[in-house]
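Okay, structure first, notes after.
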Amino acid sequence: MSLDELTQKKLASSEGIQFARSDSRFRSLSPAPIPIPTAPSFRSLVDPVSDERVNHDTVTSHESENGSISTVSSTVSSVESEKAAYEFLAQTPIKSSDAHLVEFSEAMRTVAKALRRVAEGKAAAQAEAEEWRRKYELEMSHKQQSKIKGYGSCTNNELEKLASQLTLEKPASDQAGCCGNHGICSHEVLQDESPGTNPRSSHKMVSRKASFRLSWGCNGDKNGQHKHDFVSFEKGDITTAERSNKQILLKWESSPQTVLFITKPNSNSVHVLCAEMVRWLREHKNINVVVEPRVSKELLTEDSYYNFIQTWDDDEEIKRLHTKVDLIVTLGGDGTVLWAASLFKGPVPPVVAFSLGSLGFMTPFPSEQYRDCLDNVLNGPFSITLRNRLQCHVIRDAAKDELETEEPILVLNEVTIDRGISSYLTYLECYCDSSFVTCVQGDGLIISTTSGSTAYSLAAGGSMVHPQVPGILFTPICPHSLSFRPLILPEYVTLRVQVPYNSRGQAWASFDGKDRKLLSPGDALICSISPWPVPTACLVDSTTDFLRSIHEGLHWNLRKSQSFDGPHSG
């Protein structure tokens, strides 16, 4: 190759390399249309390397032919300056930060948590619905077998016809989109005739009903308490399920062995009656007796005969008390029953409440007849009233999420939220599940059980409700609106009461009249029905005891009868 051809080849390659470099710089330094920093593309990362490799090859070939290295230094300096430019461009945009991106990422985390909770609740609801559907199908198949057995004298043709009529027929269009995991479909219980081919019946009205579905929801792990047995099917029609027993009865499978006594303090008559009942149970029934530490000290000081009584020393033993006690006997008024229920954070043994107080809505048993009453209860069966309790959680504003709560509090009567000593009106935001209820402006709010309907809620204008009615009472205290009337909500809902940030003052929450807690702006109170009710023994039955209590305790609708002094007919 001649010297002129070699020179022209070198100039052509150098111009190409410079053009590529200038083009690469132009693309890298041009202003981006979007201010958000982006990662460098694969092409922009490859271009410097390729340019450096081409320059290195060119310089090497030139050095081998001409024996000169003057071009190498210029090429190396050019490559180093280009590396510095790329490093500067790569570092500058990355250091910029955007607060909106951080806020957006936090919002996405919150949405992810909510979606995860919804998915868990949906899965629990599907599992529960599938279990109830399976039980219903078993019951229906059992009824069908009973009907077929009743036709023992029928011929084979008649039996086949009867079986075809009792078959649960499913149309092909419903099999593909059936909701078996979410509820009970109506076509599973419709009892239709087998399709016939008689052309004369084509003008008649079609007898098949449109299929439908009943599904029940679930509001979370702790709040899915729908009573599915309230609804049943009868040939595709929705009816109320039949109750096996109108009154709940408790029958002992084995004789009770241990009785816990809870007594009213600072009462001489209660102390004397307690000592007498403990002695009678020990001598005539051979029952183990457990009393409070205060009562144990009083009885042992009085007489060493009571060495057999048991008590507890710390809170850990109280937590295990329900595993040892078969029966609870209370001596006092309704407040004594509330105190006895507060000792149990989980299951509660049956309570036999003797009336030794001023009011007796939950104390039906007369103390004078304690022998007969205890005999009937210990022998069984006896009627009981399941009194629901509210499970309350206080969520502070500083909590990271709603799972970070204080220890739950169980109440038998009500939760009261008032303004305390503040001169400002209470301002509360109330939600029922995910639905907004109202803003309470007034002296406060009462969230009550049906057992507590005859207590503070009644004094604030709420209605009296039978204790077996499943519900939650929502009663305002002296509201700043004449149209704010009390509500009765179903038992499976969850109530949320929150003090908004723009509230002028704070609020105070009390639980069955004690354990007051301060609620600052941003704090919330969550209330739902507890899975552990308080079973109280009935003197007669639940309804009779309830009506007697409002007649005797409140003198409900007590008035003089109208006089009749007119002429008598015929």
Side-chain angles (χ1 to χ4, degrees), residues 248-265 267 269-300 302-313 317-357 360 362-387 412 532-539:
I248 304 174
L249 299 177
L250 189 150
K251 184 178 180 180
W252 301 107
E253 294 183 355
S254 60
S255 300
Q257 301 294 326
T258 306
V259 174
L260 169 64
F261 275 82
I262 304 294
T263 62
K264 177 182 178 181
S267 174
S269 59
V270 170
H271 175 73
V272 172
L273 180 61
C274 177
E276 182 180 347
M277 293 178 67
V278 168
R279 184 186 294 267
W280 180 80
L281 284 175
R282 182 63 175 179
E283 294 179 354
H284 295 82
K285 300 296 181 181
N286 195 23
I287 296 291
N288 299 320
V289 177
V290 181
V291 298
E292 299 174 89
R294 170 185 57 83
V295 178
S296 175
K297 184 178 180 180
E298 293 174 355
L299 292 177
L300 290 176
E302 179 180 338
D303 192 348
S304 61
Y305 167 80
Y306 298 101
N307 287 328
F308 62 87
I309 61 176
Q310 306 174 31
T311 186
W312 58 85
D313 298 326
E317 294 186 15
I318 296 178
K319 294 180 181 179
R320 300 189 298 269
L321 202 57
H322 70 276
T323 63
K324 302 178 181 180
V325 174
D326 300 318
L327 198 67
I328 302 175
V329 174
T330 64
L331 304 178
D334 290 344
T336 309
V337 179
L338 295 178
W339 169 248
S342 67
L343 296 177
F344 297 87
K345 306 303 181 182
V348 184
V351 179
V352 182
F354 287 91
S355 178
L356 289 167
M362 292 185 286
T363 56
F365 292 93
S367 59
E368 300 83 6
Q369 305 173 9
Y370 74 86
R371 290 182 176 87
D372 295 336
C373 295
L374 289 178
D375 270 334
N376 294 332
V377 170
L378 294 175
N379 295 329
F382 59 95
S383 301
I384 63 172
T385 300
L386 293 181
R387 300 182 181 273
L412 181 55
W532 309 111
V534 178
T536 58
C538 300
L539 181 62

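Please read all numbers here as calculations on a predicted model, not as lab measurements.
Heavy atoms only, all atoms of each residue included: Pro350 and Trp252 are closest at CG-CH2, 4.4 Å. Nearest heavy-atom pair, Gly332 versus Thr363, reported as atom, atom and distance to 0.1 Å: O-CG2, 3.9 Å. The minimum heavy-atom distance between Phe261 and Cys274, with the atom names listed, is CD2-SG, 4.3 Å. When all heavy atoms of Lys345 and Trp532 are compared, the closest pair comes out as O-CD1, 4.2 Å. When all heavy atoms of Asn288 and Arg282 are compared, the pair lying nearest together is OD1-NH1, 3.4 Å. Contact record, Met362 with Val337: O-CG2, 4.2 Å, taken as the closest heavy-atom pair.
Taking 4.5 Å as the limit, every side-chain heavy atom of Gln310 sits out of range of all side-chain heavy atoms of Val291. In this structure, Val259 and Val352 have side chains that are not in contact, with every pair of non-hydrogen atoms separated by 4.5 Å or more. Under the 4.5 Å side-chain criterion, counting only non-hydrogen atoms from C-beta, Arg371 is in contact with Glu276. Side-chain contact check for Trp312 versus Lys324: every heavy-atom pair is 4.5 Å or farther apart. In this structure, the side chains of Tyr370 and Val329 stay at 4.5 Å or more apart for every pair of heavy atoms. At a threshold of 4.5 Å between non-hydrogen side-chain atoms, the residues Pro349 and Leu327 do not count as touching. For the pair Lys285 and Leu374, the minimum side-chain heavy-atom distance is 4.5 Å or more. Within the 4.5 Å cutoff, side-chain heavy atoms of Glu302 are placed close to those of His271.
Note that CD1 of Ile384 is 5.0 Å distant from CG of Leu250, once rounded to the nearest 0.5 Å. Of the inter-residue distances, the one linking Leu338 atom CG with Leu343 atom CG reads 11.5 Å to the nearest 0.5 angstrom. In this structure, Leu356 CG and Lys264 NZ are separated by 8.0 Å, a value rounded to the nearest 0.5 Å. Remark: Glu292 CD to Lys297 NZ distance equals 14.0 Å, nearest 0.5 Å. One distance of note links OG1 of Thr258 with CD1 of Ile328; it measures 12.0 Å at 0.5 Å rounding. The structure places CG of Asp372 at 11.5 Å from CZ of Phe365, a figure rounded to the nearest 0.5 Å.
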Discussion item. Under the criterion side-chain contact (heavy atoms from CB on, under 4.5 Å), I'd like the reasoning laid out for Val351 against Arg387: C-alpha separation, chi angles, the key distance, then a yes or no.
Written reply: CA-CA 11 Å; Val351 179; Arg387 300 182 181 273; over 6 Å; no

Practice prompt. Give the C-alpha distance, both sets of side-chain angles, the deciding distance and a yes or no for side-chain contact (heavy atoms from CB on, under 4.5 Å) between Thr263 and Arg294.
Written response: CA-CA 10 Å; Thr263 62; Arg294 170 185 57 83; 3.4 Å; yes

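Here the side chain of Ser342 pairs a donor or acceptor atom with the backbone of Trp339 at under 3.5 angstrom.
Aromatic ring orientation, Phe308 versus Tyr306: tilted (interplanar angle from 30° to 60°).
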